[in-house]
Amino acid sequence: MDNHNPSPPTRNVLLCVAGLAPQVITETLYGLAVQRQPAFVPDAIHVVTTSEGAERARLTLLDPSEGHFYRLCADYDLDPERIAFGADTIHVVRDRDGQPLDDIRDPSHNEAAADLIVDLVRRLTVDPQKRLHASIAGGRKTMGYYLGYALSLFGREQDELSHVLVSAPFEGHYQFFYPPRQPQVLYTRDQRPIHTDNAEITLAHIPFVRMRDGLPDLLVREGAGFSEAVRRAQDSLKAPRLELDLERLELHCRDQIIALTPVNFAFYLWLARRARDESPPIGRKGIGPAETRGFVQAYHDITHPMAMDRERVEAAVAGGITPDYFDQRKSHVNRELRRHLGPAAAAYEIRRVAARPAGRFKLALAPDQIHIRPGSREPATSTAIARNPPCGLG
């Protein structure tokens, strides 16, 4: 039976990795929905597996008459119509050509599995009203590792990670899927009888470090493969280093590239030059002609002399940079930094260093952390600005 009944809102989500033993799915469901108090009854069950694993799950769990998922629901009064579990919640790992994989054998297969898991965990943790419970019990060991790491990257306070433990000799037994309400006698491979009354299932909760709040918003919201996500998470932990590319109007914050509009780039360049030269913080009130010339010169350095916006920018600050104009530019720049860098943006932001009402601001970076890549119109020295002030601002 395929997925059904999309009407109830999904609040609890179970995510499993599975290989050739789909039993881990029903064993985990039993631990959550039957043993746990209060019960965690999923509204949806998602599974990451191979093509062979998907076929085994379909035949052993989802067959309308013999499927152990439906048997578990009948045994323990769970409504299968209220749990979205079917073909569209079983996610098969595919190779670079889009072909389903029947096993995870080489580095490219591992990369494909990692990217699928990261993307799925990212999407399942977008809605703050959902709770995700992830189980690493099945599949290849690398798949469990990727799931645990993905949850560390994107998991929230309400999300959980676990491993299901099944007592011997029921662990891995091809006929055992969960302890049925009516006990049964099963037989081991050497034909020894075992009674399901003796089966013990333990859901071992695994603590994990939650790094989501330290990641850039773009990484949390938009697609990035496993390796890229790990690299960008690692970059957010490094010491800050800023490079300004005057040709491309880009900020290079470590390896993250942020493009700004000309006027916002010029505003940030102006403050970066001041920080590099160890000039004092700038007061948003009473910005004088000399400071205003520094901003306009920065705009001239990154734009063509015939640019249409030059007159507009000069006119906007002809009487000096007003507090409103300063606040507007500062807000635009800081918003872009936070969008790309997340909490790591704090090292690069235009920050207040004096309390109100003075309102003095600067970049908190040290001079040796700031590198300005000259553009075609970048003056050789800061003295050029003093000798050649922009028109109307002398």
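A salt bridge does not link D43 with R11: every distance from a Lys NZ or Arg NE/NH1/NH2 to an Asp or Glu carboxylate oxygen is 4.0 Å or more. Note on E336 versus R338: no salt bridge recorded, every NZ/NE/NH1/NH2 to OD/OE distance being 4.0 Å or above. Salt bridge E111/R96: present, at least one basic N to carboxylate O contact under 4.0 Å. Comment: R36 engages E160 in a salt bridge, judged by a side-chain N to carboxylate O separation of less than 4.0 angstrom. Between D159 and R131, no side-chain nitrogen of the basic residue sits less than 4.0 Å from a carboxylate oxygen of the acidic one, so the salt-bridge criterion is not met. With respect to the salt-bridge test (charged N to carboxylate O, under 4.0 angstrom), the residues E52 and R56 qualify.
Side-chain contact annotation: H68 with E27, donor-acceptor N/O pair under 3.5 Å absent. At a cut-off of 3.5 Å, with distance as the only test, a side-chain donor of H133 or S162 sits close to an acceptor on the other residue. Between the side chains of R210 and S152, no donor-acceptor pair of N or O atoms lies under 3.5 Å. Under the 3.5 Å distance criterion, with hydrogens and angles disregarded, no donor-acceptor pair is assigned to the side chains of D277 and S279. Side chains of D63 and S65: a donor-acceptor N/O pair is present below 3.5 angstrom, by distance only. Between the side chains of H252 and E250, a donor-acceptor pair is found at a separation under 3.5 Å. For the residue pair Q297 / D301, a side-chain donor-acceptor distance below 3.5 Å is found, with atom types taken as modelled. Side chain to side chain, D103 and T50 fail the donor-acceptor criterion of an N or O pair below 3.5 Å.
Taken together through direct or relayed side-chain contacts under 4.5 Å among Ile, Leu, Val, Met, Phe, Trp and Tyr, I206 and F154 form part of one hydrophobic cluster. Placement of V92 and V118 in two distinct hydrophobic clusters is found when ILVMFWY residues are connected by side-chain heavy-atom separations under 4.5 Å, directly or transitively. V209 is connected to I136 through a chain of hydrophobic side-chain contacts under 4.5 Å among Ile, Leu, Val, Met, Phe, Trp and Tyr, so both are in one cluster. Note: the hydrophobic cluster containing I90 does not contain L20 (ILVMFWY, side chain heavy atoms under 4.5 Å, direct or indirect links).
The distance from atom CZ of R329 to atom CZ of F265, rounded to the nearest 0.5 Å, is 14.5 Å. Note that CG of D119 is 9.5 Å distant from NE2 of H91, once rounded to the nearest 0.5 Å. Atom CD of E243 sits about 10.0 Å away from atom CD1 of I372, to the nearest 0.5 Å. We find the CG-CD1 distance between L14 and I25 to be 8.0 Å, quoted to the nearest 0.5 Å. To the nearest 0.5 Å, the span separating OH on Y268 from CG on L251 amounts to 6.0 Å. Here the CZ-CZ distance, from R105 to R140, works out to 8.0 Å after rounding to the nearest 0.5 Å.
By the 30° and 60° cut-offs, the orientation of the rings of Y178 relative to Y76 is perpendicular. Between Y325 and F295, the angle of the ring planes goes over 60°, which puts this pair in the perpendicular group of the 30/60° scheme.
Residue E171 places its CD atom among 12 or fewer non-hydrogen atoms of other residues, nucleotides or ligands, all under 6.0 Å distant. Other residues, nucleotides and ligands place no more than 12 heavy atoms under 6.0 Å from the CD atom of E200. In this structure, E311 places its CD atom where only 12 or fewer heavy-atom neighbours from other residues, nucleotides or ligands lie under 6.0 Å away.
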task: Test side-chain contact (heavy atoms from CB on, under 4.5 Å) on L15 and L147 and set out the steps.
output: CA-CA 9 Å; L15 172 60; L147 179 54; 3.6 Å; yes

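Here the rule is ring-ring contact (aromatic ring centres under 6.0 Å, His included) with F69, and of F177, F85, Y30 only F85 fits it.
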